[in-house]
Amino acid sequence: MKARIKFRKSDTLRFIGHLDVMRFFQKVMRRAGIPIAFTGGYSPHMIMSFASPLGIGLSSNGEYLDIELKEPIDSMEAVRRMNEVSVDGIEILSLKQIPDSRKMTGMAILAGADYLITPDAALWNNERKESFRQFMEQEEIRVVKQTKRSEREVDIRPMIYRWEFCGNGIIVRTAAGSSENLKPDLIMDAFASCFEKHTGEPSSALPCQYKRLEMYADTGENGVRNLVPLDALGEEIKENSR
């Protein structure tokens with residue numbers, strides 16, 4: 001049986017890396033008595049995978065971890081146990097059963113993500129907001145995107161599915177996953193470079209904080225996008241299902 005865990009990562013724990021988060025959850029599984037399955041062979045390890053590792057310095061309300069269970073466990077009971085042995089900065093939000101197919105893992109179906117971008121309040125004035133609006137209204141936003149082996153110029157505008165101002169910040173929904181992946185800092189770097197060209201102000205003059213709000217799978221058909229949160233594809237495990 002496969003299950004999907006949704007959790008929140010905040011406060012100072014946003015500065016720990018992905019490997020530390022993975023080790024943390026290995027300890028949580030043991031301490032909470034979650035019946036997680038192990039691989040075979042001479043060096044067995046817990047069967048778990050993250051939908052998309054979170055960058056250092058980012059907080060999140062919507063992180064996902066897929067695990068395999070040896071036997072069912074009530075979802076509410078599992079969440080309670082894990083939170084009892086967790087630490088400040090990581091809160092488990094839900095555990096849901098998901099289809100057993102490998103094609104349904106969070107890593108495989110990830111298609112989009114929401115981010116909250118919070119620019120420095122002292123610098124995020126009406127001039128910059130209006131410039132950002134005009135920047136996002138462009139038909140093309142071409143940037144140099146670096147990969148492990150090379151760098152190439154790409155148009156990131158099609159990878160920005162929607163955006164809106166939210167208080168003193170910006171919420172953007174971007175492409176995410178193995179085929180296309182756009183991180184919010186690349187958007188703001190491109191905006192800062194554009195702003196510099198028009199005003200002469202250094203592009204490094206607008207520091208921002210980033211928070212991932214949610215991750216999505218695309219359940220649309222025939223080229224019509226329909227993004228749904230990853231936890232919407234699972235079901236609560238009830239105690240009487242044991």
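Hydrogens, waters and symmetry mates are skipped; everything else that's a heavy atom, side chains included, is used.
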| request: For the pair Lys96 and Glu236, evaluate side chain to side chain contact (heavy atoms under 4.5 Å, CB included) and give the outcome as yes or no after the intermediate values. | output: CA-CA 5 Å; Lys96 294 184 178 181; Glu236 295 275 340; 3.8 Å; yes

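- Among all heavy-atom pairs drawn from Tyr161 and Ala175, the shortest one is OH-CB, 3.3 Å.
- Residues Pro119 and Cys208 come closest through the heavy atom pair CA-SG, 3.8 Å.
- The pair Arg133-Glu130 meets the salt-bridge criterion, since a charged nitrogen lies less than 4.0 angstrom from a carboxylate oxygen.
- In this structure, the side chains of Val143 and Val154 come closer than 4.5 Å at one or more pairs of heavy atoms.
- Considering every non-hydrogen atom in both Phe195 and Ser131, the closest pair reads CE1-OG, 3.5 Å.
- Between atom CD1 of residue Ile92 and atom CD of residue Glu63 there is a gap of 12.0 Å, rounded to the nearest 0.5 Å.
- The shortest side-chain heavy-atom distance between Arg102 and Lys2 falls under the 4.5 Å cut-off.
- Met107 has its side chain out of reach of Tyr64: every pair of non-hydrogen atoms, C-beta onward, lies at least 4.5 Å apart.
- Rounding to the nearest 0.5 Å places CG of Leu69 at 8.0 Å from CD1 of Ile34.
- Tracing side-chain contacts under 4.5 Å through hydrophobic residues (I, L, V, M, F, W, Y), one reaches Leu95 starting from Phe7; they form part of the same cluster.
- Atom CD of Gln209 sits about 12.0 Å away from atom CD1 of Ile117, to the nearest 0.5 Å.
- Smallest separation of non-hydrogen atoms from Gly106 and Leu230: CA-CD1, 4.4 Å.
- Looking only at side-chain heavy atoms (C-beta outward), Ile47 and Thr39 come within less than 4.5 Å of each other.
- For the pair Ile109/Met215, no side-chain contact is recorded, criterion being any heavy-atom separation below 4.5 Å from C-beta on.
- Note: the hydrophobic cluster containing Met188 also contains Met159 (ILVMFWY, side chain heavy atoms under 4.5 Å, direct or indirect links).
- Counting heavy atoms from C-beta outward, Arg8 and Asn61 have side chains that approach closer than 4.5 Å.
- Taking the centre of each ring, Trp163 and Phe132 come in below the 6.0 Å mark.
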| task | Start with the C-alpha gap between Glu77 and Arg80, add the side-chain angles, then the distance that decides, and say whether salt bridge (charged side-chain N to carboxylate O under 4.0 Å, His left out) holds. | result | CA-CA 5 Å; Glu77 173 67 11; Arg80 182 188 67 79; 2.6 Å; yes

Distance-only criterion, 3.5 Å: show the donor-acceptor pairs between side-chain atoms of residues 17-30 and protein atoms not counting sequence neighbours.
| unit_1 | atom_1 | unit_2 | atom_2 | d |
| --- | --- | --- | --- | --- |
| Asp20 | OD1 | Arg23 | NH1 | 3.0 |

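- Note: Arg142 CZ to Ile156 CD1 = 10.5 Å, rounded to the nearest 0.5 Å.
- Heavy atoms of other residues, nucleotides or ligands lying less than 6.0 angstrom from CG of Asp100 number more than 12.
- Contact annotation: the side chain of Leu233 approaches that of Arg4 to within less than 4.5 Å [non-hydrogen atoms, C-beta and beyond].
- With values rounded to the nearest 0.5 angstrom, Ser94 atom OG is found 6.5 Å from Lys6 atom NZ.
- The CD atom of Glu91 sits 12.5 Å away from the CG atom of Leu13 when rounded to the nearest 0.5 Å.
- Summarising the local packing, CD of Glu139 is surrounded by 12 or fewer heavy atoms from other residues, nucleotides or ligands at distances under 6.0 Å.
- The number of heavy atoms from other shown groups lying within 6.0 Å of CD (Gln134) is above 12.
- Distance alone, capped at 3.5 Å, is enough to place a donor-acceptor pair between the Arg157 side chain and the Met136 backbone.
- Within a 6.0 Å radius of NZ in Lys183, other residues, nucleotides and ligands contribute 12 heavy atoms or fewer.
- Counting heavy atoms from C-beta on, the side chains of Ile141 and Phe191 never come closer than 4.5 Å.
- Cluster annotation: Ile5 and Val228 are assigned to distinct hydrophobic clusters (Ile/Leu/Val/Met/Phe/Trp/Tyr, side-chain heavy-atom contacts under 4.5 Å, transitive).
- The hydrophobic clustering, which links ILVMFWY residues whose side-chain heavy atoms are closer than 4.5 Å, places Ile67 and Ile98 apart.
- For the residue pair Gly220 and Asp218, the shortest heavy atom distance occurs at N-OD1, 3.0 Å.
- Under the 3.5 Å distance criterion, with hydrogens and angles disregarded, no donor-acceptor pair is assigned to the side chains of Ser49 and Asp66.
- Linking ILVMFWY side-chain heavy atoms closer than 4.5 Å, directly or via other members, places Ile187 and Tyr210 in a single hydrophobic cluster.
- Side chain of Ser59 to main chain of Lys211: no donor-acceptor pair is present (N/O by atom type, distance under 3.5 Å, no hydrogens or angles).
- Closest heavy-atom contact between Lys70 and Ala37: CG-CA, 3.6 Å.
- Sorted by first and then second residue, the side chain to side chain donor-acceptor pair (under 3.5 Å) pairs involving residues 103-117 (not counting sequence neighbours) are Asp114-Arg173, Asp114-Tyr216, Tyr115-Arg212.
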